[in-house]
Amino acid sequence: MLRIELVLVIISVFSFLPFSHGLKESDCEVCVKTVEKFAASLDDAVKKDTKKIEDEFRLFCKTAKNKEQRFCYYLGGVEESATGILSELSKPLSWSMPALKICEKLKKKDAQVCDLRFDNQIDVNSVDLKKLKVKDLKKILSDWDESCDGCLEKSDYIKRIDELKHKYVKTEL
């Protein structure tokens, strides 16, 4: 009899505890990082006006690449977007809501927003460039916003990466 009462007490205690259904940053990494990056780029004068925030987001999206570009597409920040939920970004931003909470709201409107994941970065210091595919070498250059004009063979891409390595890769002493 004591066991049943104990179980009932435990169940009743746990039923009153609030359960957190919030996102973790890793659940929605592209959204959180992009919203944080965008919010940091806003001037104080713009931060309170939702219309100006939306205009600035469209400008931000013009220079966005890869996963950030896809995020912009989902929100309606690029011309070819099929939908537009920019107000779901601009209003909370104007209230200074944290990026994680904004992404929770965006996920309720469009779950695809949180399906985006950043690609794993290639550590140029620890990897043997000769063992990488040309696709990966091109990705390294793309991540650096560099091109390889006239590159035809794998060795050309490796040579270009080696030329630019000092500019983009920090070496520890």
Side-chain angles (χ1 to χ4, degrees), residues 20-127 129 132-133 135-149 157 160-172:
S20 174
H21 295 289
L23 288 176
K24 292 180 281 207
E25 188 173 331
S26 61
D27 295 338
C28 204
E29 66 178 329
V30 172
C31 178
V32 172
K33 295 289 185 200
T34 305
V35 170
E36 286 174 348
K37 181 179 174 183
F38 171 66
S41 73
L42 294 175
D43 294 331
D44 290 334
V46 175
K47 286 184 179 179
K48 299 297 178 197
D49 185 351
T50 58
K51 177 76 173 112
K52 288 181 181 176
I53 291 172
E54 290 174 14
D55 292 341
E56 287 294 318
F57 188 72
R58 286 186 188 96
L59 290 173
F60 173 83
C61 288
K62 288 184 180 181
T63 59
K65 294 190 311 182
N66 302 328
K67 302 300 180 176
E68 288 179 352
Q69 177 70 23
R70 178 58 52 185
F71 176 76
C72 288
Y73 175 80
Y74 291 155
L75 264 60
V78 292
E79 290 180 22
E80 57 271 2
S81 294
T83 61
I85 55 172
L86 273 180
S87 62
E88 300 297 322
L89 170 73
S90 62
K91 286 178 186 174
L93 265 179
S94 70
W95 306 328
S96 301
M97 186 180 283
L100 194 59
K101 292 294 180 186
I102 293 172
C103 291
E104 278 182 32
K105 289 179 166 286
L106 290 172
K107 183 179 180 181
K108 289 177 185 173
K109 292 288 182 182
D110 188 353
Q112 296 178 95
V113 167
C114 287
D115 290 341
L116 295 170
R117 299 279 179 259
F118 284 117
D119 297 330
N120 292 336
Q121 296 296 316
I122 299 169
D123 184 9
V124 179
N125 283 334
S126 64
V127 72
L129 295 176
L132 292 178
K133 295 179 180 178
K135 175 183 168 185
D136 294 328
L137 298 172
K138 287 180 179 180
K139 183 184 180 323
I140 291 169
L141 290 170
S142 174
D143 289 346
W144 291 347
D145 288 329
E146 296 286 348
S147 63
C148 191
D149 299 328
Y157 288 99
R160 180 72 174 147
I161 290 170
D162 285 335
E163 289 171 0
L164 297 169
K165 193 186 248 187
H166 71 279
K167 188 175 173 184
Y168 296 100
V169 179
K170 294 180 177 133
T171 54
E172 296 181 22

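A salt bridge links Lys101 to Glu104: at least one charged side-chain nitrogen sits closer than 4.0 Å to a carboxylate oxygen. A salt bridge does not link Lys139 to Asp136: none of the charged nitrogens lies less than 4.0 Å from a carboxylate oxygen. Between Lys37 and Glu68 a salt bridge is recorded (basic side-chain N to carboxylate O distance below 4.0 Å).
Annotation: cation-pi pair Arg160/Tyr157 absent, no NZ/CZ under 6.0 Å from the ring centroid and within 45° of its normal.
Under a cut-off of 6.0 angstrom, the local environment of NZ in Lys165 is crowded, with over 12 non-hydrogen atoms contributed by other residues, nucleotides or ligands.
Using a 4.5 Å heavy-atom threshold, the side chains of Ile140 and Leu164 count as separate. Within the 4.5 Å cutoff, side-chain heavy atoms of Lys47 are placed close to those of Asp44. Between Lys107 and Val113 there is no side-chain heavy-atom pair separated by less than 4.5 Å.
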Would you sort out whether Tyr74 and Ile85 count as a side chain to side chain contact (heavy atoms under 4.5 Å, CB included), showing the intermediate values? CA-CA 8 Å; Tyr74 291 155; Ile85 55 172; over 6 Å; no

Given the rule in the side chain to side chain contact (heavy atoms under 4.5 Å, CB included) test, do Tyr73 and Cys61 qualify, once you have shown the distances and angles that lead to the verdict? CA-CA 8 Å; Tyr73 175 80; Cys61 288; over 6 Å; no

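Between Trp144 and Tyr168, the two ring planes are parallel [angle under 30°; tilted spans 30° to 60°].
Between Cys114 and Cys28, the two SG sulfurs come within 2.5 Å of each other, short of that mark.
No donor-acceptor pair closer than 3.5 Å links the side chain of Glu88 to the backbone N or O of Lys105.
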